[in-house]
Amino acid sequence: MTPSLRVQVALPGPFWQPLSYLLPDDVANQATVDLQAWSQGWLGWRVAVPFRNQTKIAVVVGVNQDDGVDASKLKPLLHKLDDEPLFNAQDLAFLHWAASYYHEPLGEVVMAALPKRLRVGKPLSLPGVVTWQRSVLGQTVSVDQLSARAHKQRALWQAFCDDQAWSSSQLNAAFSQWQPLVKRWVEQGWLVVSEGACLAQKTLPASVRHSLNEEQAAAVAQVQASKGFRCFLLDGVTGSGKTEVYLALIEQVLAQGKQVLVLVPEIGLTPQTAARFEAYLQQPVVALHSGLNDQERHCAWQVMRRGEAQVMLGTRSALFTPFANLGLCILDEEHDLSFKQQDGFRYYARDLLIRRAQMLQIPVVLGSATPSMESLHNAQSGRFGYLRLSQRAANAQPPQLRLLDVRGDRLQEGLSNKALHQMREALAAGGQVLVFLNRRGFAPVLLCHSCGWQGSCSHCDANLTYHQASDSLKCHHCGFQQPKPKACPACGATQFVALGQGTERLEQFLTQQFPTHSILRIDRDTTRLKGSLAEKVGQARDGAADILIGTQMLAKGHHFPKLTLVVMLDLDQGLFSVDFRGAERMAQLLVQVAGRAGRASQPGRVLIQTHQPEHPTYQQLLREGYAGFAADTLRDRQLANLPPFGFQLLVRVEAVDSNQAVAFLEAIKDLLLAVPVSQPCEVWGPVTAPMAKRQNRWRYQLLLQAETRGSLQAWWQAVAADVYAHPLANRIRWSIDVDPQETS
DNA sequence: AAGAGTTAGACG
DNA sequence: GTCTAACTCTTC
C-alpha cells in the first residue's frame with residue numbers, strides 16, 4: 001500500500017511545526033507518480049483547511065514530508081483558494097529563514113507576508129477601484145449653478161469638471177467630508193460610479209532629470225560593478241543627495257527589466273517622496289504604508305507579484321511582498337528604529353532585507369547620514385561596500401553646531417535668555433527657527449501643591465503627562481487617559497503644580513514671548529489626523545510659520561529651506577541613558593535635526609542647550625562630527641564586547657504575578673548555564689525591564705550575549721525545547737527578541 | 001489563539 | 001450532590 005499523500009500548511013497561531021493535512025479524496029486519487037510536478041501544484045498555494053470545528057485559511061509550506069503523525073489523525077484539506085500559488089520556492093525559503101532566525105512560528109511569518117484580505121480568504125483578483133466621474137447630465141452642470149457660499153461644494157465640483165475620474169483615496173487626499181456630497185450627486189445623476197483597474201491610472205509628474213556629482217557617480221558605479229549579492233553602506237551627510245544615487249541605480253535596474261524595492265522609515269513616506277521618484281523614473285511607483293486601506297494594500301502586493309509595476313516604495317512590512325523579478329533593494333535612513341518591529345513578530349527589516357537580497361543574489365544599498373554602529377562596522381570590516389558622500393549639494397554650508405552652556409542661568413520654561421536672544425536675532429534677520437524638544441504634552445509631571453501627590457499611571461510604572469489642550473492626564477505608554485482631577489486624590493487640595501516642559505507648554509510660552517510671530521507645533525498630538533503631518537510639514541517648508549516646535553517626528557527626512565536656527569532642548573538626558581545605545585541615538589538625533597537647517601543659501605546654526613558642555617560625547621561630536629563619535633563608540637563597544645562586536649538575544653516576560661515572571665526566567669537561565677558551549681556566551685539577569693510595569697503586567701527580561709550569531713542561535717536552540725515545555729511557558733506572556741534594540 | 005475538556009470551589 | 005469559574009490542553 002502506498003503511503004497517503006499529505007501537505008504541510010502554515011496557519012496563524014503558536015504552532016512550532018506546520019500541521020499536516022491529507023488531500024481531498026478526489027485529488028488524492030489523481031496524484032501521479034511524478035511527485036516533483038505534483039508538489040508544484042501545492043507548494044505556496046493558499047488552501048482552506050478544517051481546524052477544530054472551523055475553517056481556516058492556510059498556505060502550503062511543505063509537501064509530503066513525514067512528520068510522524070499517524071495518518072488516521074489527519075483531516076483532508078477542503079480546497080485550494082486560487083488558480084496559482086501565492087509564493088514561489090524562493091519566497092518560501094526566505095519566510096522559513098525569517099521564522100527560524102526570529103523564533104517565530106512560520107504561520108505568523110507567512111501571514112505577515114500576506115495582505116489582510118488574502119489572510120481572511122478574499123479572492124486573489126481585485127474588484128477594481130471604485131471611481132466617480134461626471135455623467136452626461138453632470139456635464140451640463142457648471143460650478144456657477146452651485147450656491148456661491150458653498151465653497152467646499154464648489155471646490156469639489158470643480159475637481160470633477162476636469163473630467164477626471166476620482167477614487168476615494170484621491171478624494172481623501174484632497175478633500176475632507178466629500179462622501180455626503182458625492183453620494184448626493186450620484187443620487188441626482190450628476191456623477192456615475194465605475195470600477196477601474198486596481199492600479200489606478202495616475203498622471204505622472206513632469207520629468208525631472210539631474211546630473212550626478214563625482215562622488216555620487218562613483219557610488220553608482222561601485223554598485224553597478226558588483227556581481228550578484230553585495231551590501232553597500234551609502235554614508236552621506238544630510239543634503240548630499242543620496243536620493244539621486246538611489247534614482248540612478250533604480251533606473252539602471254529598471255532598464256534590465258527588473259523590479260526595485262525601496263524601504264523608508266514609517267513617517268518618511270510622503271506623497272512628495274513618491275512623486276519625486278515618479279518624476280525621475282517616469283513610471284508609477286507603488287506605495288505601501290500604514291495609510292492605505294486593505295484593498296489598496298492588496299492591490300500594491302498583487303501588482304508587484306504580477307510584475308505589473310516595477311518600483312515599490314514602502315515601510316518595513318513591504319519587504320515580505322513576493323516580487324515577480326526583484327533586482328535591487330534600497331533601505332533609506334538605515335539607522336532608523338522604525339525598521340525594527342517592536343511587538344508581535346519582532347523582526348528587523350534592515351537585516352531581513354539584506355538576507356533576502358542575499359538569497360536572491362542581488363545588491364542592496366543602505367543609506368544614512370548617521371549610520372548605525374552595526375552597519376559602520378560591517379562597512380569598515382569589508383563585509384559591506386562603503387560608499388561616501390561628503391559634499392552637500394549646491395555648495396550649501398554644513399550647519400555649525402554650538403553648545404549653549406546654561407549652567408547657573410535662569411531658565412524660563414526650559415529656555416535660557418541666551419537662546420531666546422539668538423531666536424530673536426534669527427527671526428529679525430528673516431529666518432525660520434526650530435525649537436526641538438522631544439517631549440509632547442504640557443508637563444511630564446503634575447504635582448499636588450500641598451501634599452506632593454503626583455499623577456502616575458495605575459497600569460504602568462510611569463508618570464502621567466499633563467495635557468493642557470484636553471485638560472487631562474495621559475499615560476504615554478499605555479494610552480490611559482483621565483480628566484485632570486478637580487482636587488488632589490490624596491489630600492483634597494485643589495492647587496496643582498505642573499513640573500517640567502513639554503511641547504504644549506513651550507508653545508504657550510513662545511506665543512507670549514513672540515506675539516507677532518506665527519508658531520507651528522508639530523508632534524503626535526497636533527498630527528493625529530490622517531494627512532495632517534504632511535499638511536503641517538508643507539506649511540513649515542513653505543515658511544508659513546516663523547517658529548517651529550517639534551519632537552523627533554520632525555527629525556526625519558524633511559527639509560526646511562528657510563530654517564536658519566535650531567535650538568535643541570533637553571538633549572542631555574541621552575548622555576545618561578541606561579541603554580548602551582543611548583548615546584548613539586542621541587548623536588543620530590542631533591545630527592539629523594541639525595541637518596534640517598541651512599540646506600539652501602543661508603548657513604544654518606544649531607544651538608544645543610546643555611548643562612554638560614564638557615561631556616565627551618558632545619565634545620567629540622563638535623570636534624569630529626558623527627564619524628569621530630562613531631569611531632570612539634565602536635572602540636568602546638569592542639572593549640565591552642557589545643554589538644556590533646557581540647550578538648544579543650533578549651527574553652522578555654510579562655506577567656500579572658511578578659514571581660512567576662522571575663521564576664520562568666531563572667528556569668531558562670539554569671537551562672542555559674547547563675549547556676556546554678564552545679565559545680564565550682554570557683547571560684545577564686533576570687532584571688526588570690525599563691518600565692517595570694506596563695498595562696498591569698510586570699516586565700522582566702533575560703539577556704543572552706555571544707560572540708557570533710551562530711553560537712548565540714545554537715545556545716538558544718539547545719534549550720528551546722525545554723523552555724517551551726516548561727509549565728510556566730503557556731501560562732505567562734513571553735517573547736524572544738533577537739538583536740534587541742532596547743536592552744536596558 | 002481559542003474553544004473544548006477538566007478540575008476545584010461555592011453553596012446549601 | 002449541583003453549578004460555575006478557573007485552569008489545561010490540543011489543535012493536523
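So you know, we letter chains A, B, ... as the sequences are listed, proteins then strands, and number each from 1. The figures here come from the full heavy-atom set of this structure, side chains too, leaving out hydrogens, waters and symmetry mates.
In this structure, A:R356 satisfies the cation-pi test against A:F94, with its NZ or CZ atom closer than 6.0 Å to the six-membered ring centre and inside 45 degrees of the ring normal.
The side chain of A:R731 lies closest to C:dT8 when the candidates are C:dC12, B:dA1, C:dT8. Of the candidates C:dC12, B:dA1, B:dG3, the closest approach to any side-chain atom of A:Q54 belongs to B:dG3.
Within 4.0 Å (heavy atoms only), A:P12 reaches no atom of the nucleic acid at all. Contacts of A:N53 with the nucleic acid, taken as non-hydrogen atoms under 4.0 Å apart, involve only primed sugar atoms and P, OP1 or OP2. A:R6 comes within 4.0 angstrom of no nucleic acid atom, judged by non-hydrogen atoms across all strands. Residue A:Y21 is classed as a sugar-phosphate contact, given heavy-atom separations below 4.0 Å to backbone atoms only.
Between A:K73 and C:dC12, a side-chain N or O to OP1/OP2 separation shorter than 4.0 Å is absent.
In this structure, the CE atom of A:M111 is 14 Å from the P atom of B:dA1, given to the nearest Å. Here C:dT8 presents its C1' atom at 20 Å from OH of A:Y724, a figure rounded to the nearest Å. For the pair A:K75 NZ and C:dC12 P, the computed distance is 4 Å after rounding to whole Å. Atom CG in A:D657 sits roughly 15 Å away from atom C1' in C:dC7 (whole-Å rounding). In this structure, the CH2 atom of A:W734 is 16 Å from the C1' atom of B:dA1, given to the nearest Å. C:dC12 atom P lies 11 Å from atom CG of A:L78, rounded to whole Å. The separation between A:K56 atom NZ and B:dA1 atom P is 11 Å, rounded to whole Å. One interatomic measurement links the two molecules: CD of A:E104 to P of B:dA1, which rounds to 9 Å at whole-angstrom precision.
Each of A:F339, A:Y102, A:Y101, A:F320 was evaluated against A:Y347; a single residue qualifies, A:F320, per the ring-ring contact (aromatic ring centres under 6.0 Å, His included) test. When each of A:L43, A:L92, A:V60 is checked for a side chain to side chain contact (heavy atoms under 4.5 Å, CB included) with A:F87, only A:L92 meets the rule.
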Worked verdict on A:R585 versus A:S577 for side-chain hydrogen bond (donor to acceptor under 3.5 Å, both in side chains):
CA-CA 10 Å; A:R585 298 259 116 88; A:S577 167; over 6 Å; no
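Taking the six-membered ring where tryptophan is involved, the planes of A:F15 and A:F51 are perpendicular, since the angle between them exceeds 60° and thus also 30°.
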